[in-house]
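Comments concern the structure below.
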Amino acid sequence: MPPFDSSAFLKTVPGSPGVYRMYGDKSQVIYVGKAKDLKKRLASYFRSNVDSVKTRALVANIAFVEFTVTNSETEALILENNLIKQYMPKYNVLLRDDKSFPYILLTDHKHPRITAHRGPKKVPGQYFGPYPSAGAVWESLKLLQKVIPVRQCEDGFYRARTRPCLQYQLKLCSAPCVGKISDEAYAGQVRLTRLFLQGKNQQVIDDLVQQMEVASNQLDFELAAQLRDQIIALRKVQEQQAVSGDHEEMDILGFCYLHGVAAVHVLYVRDQKILGTKTYFPKLPQQTEAEEIFPAFLLQFYLNNMGGQQIPREIVINETLEDADSIAEAISAAAGRKVVLNAAKRGEKARYLDLANKNARTACDTKVSQAAHMAARYRALKQVLKLELLQRMECFDISHTMGNQTMASCVVFNDKGPDKAEYRRFHVEGVTPGDDYAAMRFALKKRYGKLTDEARVPDIVLIDGGAGQLSQAIEFFADWPLAKKPLLLGVAKGTSRKPGLETLLINSIQHAINLPADDPALHLIQHIRDEAHRFAITGHRQQRGKKFTQSPLENIAGIGEKRRQALLQYLGGLQGVLKASVAELATVPGISKAQAELIYQACHNN
C-alpha cells in the first residue's frame, strides 16, 4: 500500500466543523471522528511527534481520508454517531447493542398486550427497561396484573377467544377480546399502564381518584368500587417501594477504566426511585485513552437509545466534558426536549454518583480478574498439550431425546473466554435417529466443510465424547486441505461420569491422559465442555418444545394466518377443527374443497 500523502490532502481541508472518515487498504472505514475545525484536527494526526500509540497505528493504516462539512459541532456529533453505528470502525470505541437484557413490552395493537421481551426490538410497541433480571420483569408483570388488568395473553390465544378466559374471572384481565370493556376504556387502562411502567405511580393514583369521583357522581357504584380497589392496590405498592430521593427523573453514569477494561454503570432514577441499573463494557481498540471513552459512550448510548428508557431531563456524570455543550445539544435533539449534563460535586446527586462509580469499579475489577483467571488456564493448557500458540478453541456436543430433534452445538472460546457471537447450532438431518457418531460427522461437515480462511481454523477442536466420537473427527480431518490443522481432543467422562475424572484423548484414540482434578487446564476443558452441553441442550429443548406445541394448521400450503383464524373462529377452536370432516371444513368461508382435503390430512396424519 503506497503511503498516504497527508500534505496534499490537508491543503484541501477547510477549517469548518464536520466529520471525517479514514479508510484502510481494502476501502473499509477504520475510524470515524468529528471536529470543530477539520483542518486543525486532521493535521494533528500527521505530526512527527504524535505521543499516542493508537494514533500512530491508525495513521500507519490509512489509505485515504474523506470528510463531510456540517453547519455546527452538534450536527457533526450526530453524523459521527450515525456513521459509527453504520460502519463499526476498528479504531473507534464501540458500544454494542445488548439484545439479551430483559424488557417489558407494551405492543402496538388495537388492544395492546403487555409481556416480557428479550432480544432485538423488532416487535412494534413501547419498551420499558432494561430490568436487572428476568425475575424482576415477571415480578413487575405479576404486580401490574393485579393493579391494572391489561391483557398479557399470546396473540393467537387472544384472537381465538369466543368467551372470557379464567383471567377475567380472577379480575386479572378486562377481556377486551370479547368486548367486556370498551375500546376507549381499555385505551385508558393502557395509558395508566404506561405511566406505571415509567414510575409515575402518584400520577396514576391521582387519575384513578378523579375517575372514581366521576363514577360515584354518576351513581355507577360498581365501577367506583373497582377503581377504589385499584387505588388501594397501588398505594400498597407505593408503601413497599422505598423512596430514593427528591429527584423525579435522571440517569447517573459511573465510569471506571482499569487495565484496558472500561465499565460504565447506569442508574435509572424515575419518580424518585431507582428503577434499574445496568453495567456496560464498551469495546475498545488497543491503547485507547481514557478521555476518549466516556464521551463516545455517552453519544452512542443516548443517540441510539441503547438504554431502552426515555431520555431523562438530567444526566449526572463524573466531570465536565470538553464538548459538554455540544453533546447536551445532540442528546436534546434526540430527546426532543432540553437535556442537561450535570457534573455532581455534592448533595444527593453526588451520593448517587459515588454509588454508580463504586459499581463501575467493581465491574472492572471482576472483568480484569476473570481475564487473568482465563489467561492462567490457557497457559496451563498450552503447557499440558505442548502448544506454542493457543488462541481459539471450538467444542462440539450432540443433544436429542431418543433420537428426536437432534441438535449439534459448536461453542467458541478465545483467550478472553466464551466468544458467544461465534456460537452455532446445527439441526441434524438425514442421519439415523440416535446415531451420535453420524450426528457428529454431520456437525463437523457443516462447520468446516466449506471453510477456506485459515484464520478461522481453531487451534483445538474438542469433542464431548469418547473414542467413537473422536474417531469421527479424526476421519473428517484426515483429508484436511488447509495448511493449518487443529489438534483434536476427545473428552471422555469415564464410567463414574464424575467431574475431575475425565480422560483426554489427544489426536488419537490410543494417546490418553488424565489430569489432576485441581489442574487449571482441566478446569478450562470442563468449562468449554459444559458450555457446549448447555448450548446444545438449550437448542434441543427449544426445538422439542416447538414441535410439541406447534399447531397442525401451521405450514399447510395456502393456509395463512387469516384462514387459520377463520377456521378456529368458525369451528370453535382447534378441537373443532380436528373433529371436523372434509365437508365441514369446506363450509368455512375462504376454504376450498382442495384446501379442506389438505387441512384434514395435516390434522390426521399423526
Side-chain angles (χ1 to χ4, degrees), residues 1 4-47 50 52 54-97 262 264 282-306 311 315 317 320-336 339 341:
M1 181 180 75
F4 176 64
D5 188 351
S6 59
S7 300
F9 168 73
L10 289 172
K11 292 177 182 177
T12 67
V13 180
S16 308
V19 175
Y20 53 92
R21 301 174 295 285
M22 295 177 172
Y23 291 81
D25 58 345
K26 296 180 181 177
S27 297
Q28 79 281 21
V29 177
I30 59 175
Y31 187 76
V32 173
K34 56 87 187 148
K36 190 182 298 184
D37 185 318
L38 281 170
K39 193 175 190 70
K40 288 182 179 178
R41 183 72 184 94
L42 285 168
S44 69
Y45 285 96
F46 304 104
R47 299 194 308 264
V50 175
S52 171
K54 175 191 165 185
T55 303
R56 291 200 297 268
L58 168 62
V59 171
N61 286 284
I62 293 175
F64 61 96
V65 181
E66 293 179 348
F67 59 86
T68 302
V69 174
T70 59
N71 292 319
S72 66
E73 191 179 0
T74 302
E75 283 186 16
L77 282 168
I78 295 172
L79 178 58
E80 178 197 32
N81 175 73
N82 292 336
L83 292 175
I84 289 173
K85 185 177 179 181
Q86 177 182 349
Y87 294 115
M88 305 297 282
K90 176 181 177 180
Y91 288 96
N92 278 96
V93 175
L94 300 177
L95 177 59
R96 303 284 183 174
D97 196 355
V264 181
K283 182 183 177 184
L284 308 179
Q286 291 185 353
Q287 307 296 332
T288 301
E289 300 294 333
E291 57 269 16
E292 179 185 349
I293 301 168
F294 190 74
F297 171 88
L298 202 59
L299 284 166
Q300 292 181 51
F301 185 71
Y302 286 109
L303 298 190
N304 298 333
N305 192 30
M306 289 184 177
I311 299 175
I315 300 169
I317 57 177
T320 305
L321 302 175
E322 182 181 348
D323 300 326
D325 293 341
S326 299
I327 292 173
E329 283 183 30
I331 296 174
S332 298
V339 177
L341 293 182

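Just so we're clear, the structure is a prediction, and the values are computed from it rather than from any experiment. Hydrogens, waters and symmetry mates play no part in the numbers below; they use all other heavy atoms, side chains included.
Here T68 pairs with R21 under the side chain to side chain donor-acceptor pair (under 3.5 Å) rule; sequence neighbours left out. Among residues two or more places apart in sequence or in another chain, the side chain to side chain donor-acceptor pair (under 3.5 Å) test is passed with S6 by none.
Counting all heavy atoms, side chain and backbone alike, Y302 lies closest to I311 at O-CD1, 3.7 Å. When every heavy atom of P89 is checked against every heavy atom of V32, the shortest pair comes out as CG-CG2, 3.8 Å. Between A324 and L341, the shortest heavy-atom distance links the atoms O-CD1, 3.7 Å. The two residues G18 and A76 come nearest to each other via the heavy atoms O-CB, 3.7 Å. Shortest non-hydrogen contact noted between G24 and A63 is O-CB, 3.3 Å.
A distance-only check finds no donor-acceptor pair linking the side chain of K39 to the backbone of S16 [under 3.5 Å]. Side chain of Q300 to backbone of V93: a donor-acceptor contact under 3.5 angstrom is found. In terms of modelled atom types and a separation under 3.5 Å, the side chain of D323 and the main chain of S326 share no donor-acceptor contact.
Using modelled atom types and a 3.5 Å distance limit, the side chains of E329 and T74 yield a donor-acceptor pair. With no hydrogens or angles considered, no side-chain donor-acceptor pair links N92 and Y87 at under 3.5 Å.
Summarising the geometry, atom CG belonging to L299 is positioned 5.0 Å from atom CD1 belonging to I327; distances are rounded to the nearest 0.5 Å. Atom-to-atom distance recorded for I62:CD1 and D25:CG is 12.0 Å, nearest 0.5 angstrom. One distance of note links CD of E80 with CG of L77; it measures 6.5 Å at 0.5 Å rounding.
Each of Q286, E289, E292 was evaluated against K54; a single residue qualifies, E292, per the side-chain hydrogen bond (donor to acceptor under 3.5 Å, both in side chains) test. A side-chain contact (heavy atoms from CB on, under 4.5 Å) with L83 is found for exactly one of V19, V29, I78, namely V19.
Classified by interplanar angle (parallel below 30°, tilted 30° to 60°, perpendicular above 60°), the ring pair F4/F46 is tilted.
Outside the 6.0 Å centre-distance limit, the rings of Y20 and F9 are not counted as a close aromatic pair.
Annotation for N82: atom CG counts as buried by contact number, over 12 foreign heavy atoms lying within 6.0 Å.
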